[in-house]
Amino acid sequence: MQNPKKNLASLLRDHGVSSELQLLIESIVDATKEIARAVNQGALAGVLGSTQDENIQGETQKKLDVIANQIIKDALLSNEQVRALASEEEDGVIAGNNHGNYVVAFDPLDGSSNIDVNGQIGTIFTIYPARKDVASNSELQFQQQGTQQVCAGYVLYGASTLLVITTGGPTRCFTLDSISQQFLLTNSTLEIPQDTQEFSVNMANQRFWQPPFKRYVEELLEGEAGTRNKRFNMRWNASMVGDMHRVLVRGGIFMYPSDTRDAKQPAKLRLLYEANPIAMLVEHAGGKAFNEQQRILEIEPQALHQRVAVIMGSANEVDVCLKHLRH
Ligand code: P6P
């Protein structure tokens, strides 16, 4: 008889997470179960397709983007521990309970372009201590380095519905049991292999990359006879959560570098609710997470929806990439 698997609540309790933070995490996770039901129903629930609206990112909102955003917003605004929230789908900060001890940022549905083709999508969330020295709805609530995160996680709506989370200890993976509707611990310590033969980048942007990055990728493509004396494979899910889950489970290097497509916006991925939470999960699984200059978690945020280049995954391969960028 297998040992009964731990559920999220018992694991958080065993690892000394305060009851307030535990209840907050559980309210976010419960919201993702509702999103999972909507995702799994898909066309049958009439949730596929796009709305007529654009978000602050200039992206057309999918129906499920809006639905997922509302589900999480409702859950957070009914939790007294939440002083403020920020979302990829919201222009500004939304105030919660003025006496709340935490602020929460989230990407309600990352990888939205995959929704209508049944591809991998996920919810990314991050929790910081609330700042008591600024107003609840001030953007300064979220201008905190990624090192200040008290919890980071994602829920991947894939073949299984998985929760990957850290509260400062190991990065762990839970699988949603469809019978009990509980997330049960299925990997107590994710560990990213230090080396890899798998890279993840959107090759269609190659002509827009800076020369040093272009050279690094060219060497990956040269194979055994090339500079690296090594054959590499490539994967690109067009969903950071999907690509990064693969990296967390079997290693790899995931990259979205700055490029020349838009001088005003050289990077694509968002620092607050994509790069920082995933960077925390990666580092707590023994990997590295940098932009082209520095550790992502040490970036001093300047704006709510600021974008950042991302190079993260197997530590030794990240080092090789960064070495190219520094020459
Ligand atoms: P592209 C999804 O929109 C996202 O923000 C990430 O999840 C994903 O890695 C990236 O953008 C995909 O970008 O340019 O390949 O569509």
Side-chain angles (χ1 to χ4, degrees), residues 32 35 39 48-51 53-66 68-69 72 86-90 105-126 152-158 162 164 198-210 213-214 217 234-249 252-262 264-282 287 289-292 296 304-313 318 321:
T32 67
I35 295 170
V39 168
L48 300 185
S50 299
T51 66
D53 306 317
E54 261 194 13
N55 61 17
I56 190 170
Q57 326 287 342
E59 298 160 346
T60 301
Q61 289 182 308
K62 299 282 190 182
K63 287 179 192 165
L64 258 182
D65 282 327
V66 175
N69 187 58
I72 299 175
S87 166
E88 181 190 52
E89 301 302 335
E90 300 288 339
F106 57 96
D107 180 352
L109 221 47
D110 174 65
S112 304
S113 64
N114 284 345
I115 290 173
D116 296 347
V117 295
N118 204 35
Q120 284 188 316
I121 49 182
T123 296
I124 308 172
F125 61 90
T126 175
Y154 61 75
V155 173
L156 176 60
Y157 309 108
L162 303 178
V164 173
E198 205 157 55
F199 70 96
S200 199
V201 71
N202 183 342
M203 289 299 293
N205 299 329
Q206 189 176 31
R207 63 188 182 282
F208 303 118
W209 295 335
Q210 300 300 338
F213 185 78
K214 239 185 231 181
V217 174
M234 196 205 97
R235 289 285 182 271
W236 187 251
N237 287 29
S239 161
M240 185 182 194
V241 179
D243 279 313
M244 284 311 301
H245 187 69
R246 184 191 56 254
V247 169
L248 280 157
V249 169
I253 181 168
F254 173 85
M255 302 165 283
Y256 213 114
S258 53
D259 64 40
T260 57
R261 277 179 291 178
D262 177 349
K264 293 190 302 298
Q265 201 164 289
K268 171 165 189 183
L269 300 183
R270 275 63 50 136
L271 175 63
L272 175 60
Y273 37 77
E274 289 177 324
N276 262 334
I278 303 293
M280 183 177 183
L281 293 165
V282 165
F290 278 68
N291 66 2
E292 288 140 343
I296 284 175
L304 198 62
H305 297 290
Q306 83 180 65
R307 297 165 186 260
V308 66
V310 165
I311 299 165
M312 47 170 72
V318 169
C321 180

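For the numbers below, each heavy atom of this structure counts, side chains included, while hydrogens, waters and symmetry mates do not. No experiment lies behind these values; they were computed from the predicted model shown. One-based numbering, in listed order, for ligands and for the atoms of each.
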**Student:** Are Glu59 and Arg270 within salt-bridge range, i.e. N to O under 4.0 Å?
**Tutor:**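 Yes, this pair counts.
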**Student:** Can you name the residues that come within less than 4.0 Å of ligand 1, going by heavy atoms only?
**Tutor:**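 Ligand 1 is contacted, at a heavy-atom distance under 4.0 Å, by Asp110, Gly111, Asn202, Trp236, Ala238, Ser239, Met240, Phe254, Tyr256, Lys268, Leu269, Arg270, Glu274.
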**Student:** Would you check, one step at a time, whether the test ring pair (Phe, Tyr, Trp, His ring centres under 6.0 Å) holds for Phe254 with Trp236?
**Tutor:** CA-CA 9 Å; Phe254 173 85; Trp236 187 251; 5.4 Å; yes
**Student:** What residues form a side-chain hydrogen bond (donor to acceptor under 3.5 Å, both in side chains) with Asp110, not counting sequence neighbours?
**Tutor:**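 side-chain hydrogen bond (donor to acceptor under 3.5 Å, both in side chains) check on Asp110 returns nothing, list empty.
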**Student:** Check side-chain hydrogen bond (donor to acceptor under 3.5 Å, both in side chains) between Glu89 and all other residues, then give those that pass, not counting sequence neighbours.
**Tutor:**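 So Glu89 forms a side-chain hydrogen bond (donor to acceptor under 3.5 Å, both in side chains) with Asn55, Gln61.
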**Student:** Partners of Thr32 by side-chain hydrogen bond (donor to acceptor under 3.5 Å, both in side chains), sequence neighbours excluded?
**Tutor:**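 Residues passing side-chain hydrogen bond (donor to acceptor under 3.5 Å, both in side chains) with Thr32: none at all.
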**Student:** Consider side chain to side chain contact (heavy atoms under 4.5 Å, CB included). Of Ile278, Leu162, Leu281, which one does His245 pass it with?
**Tutor:**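 Answer after filtering Ile278, Leu162, Leu281: Leu162.
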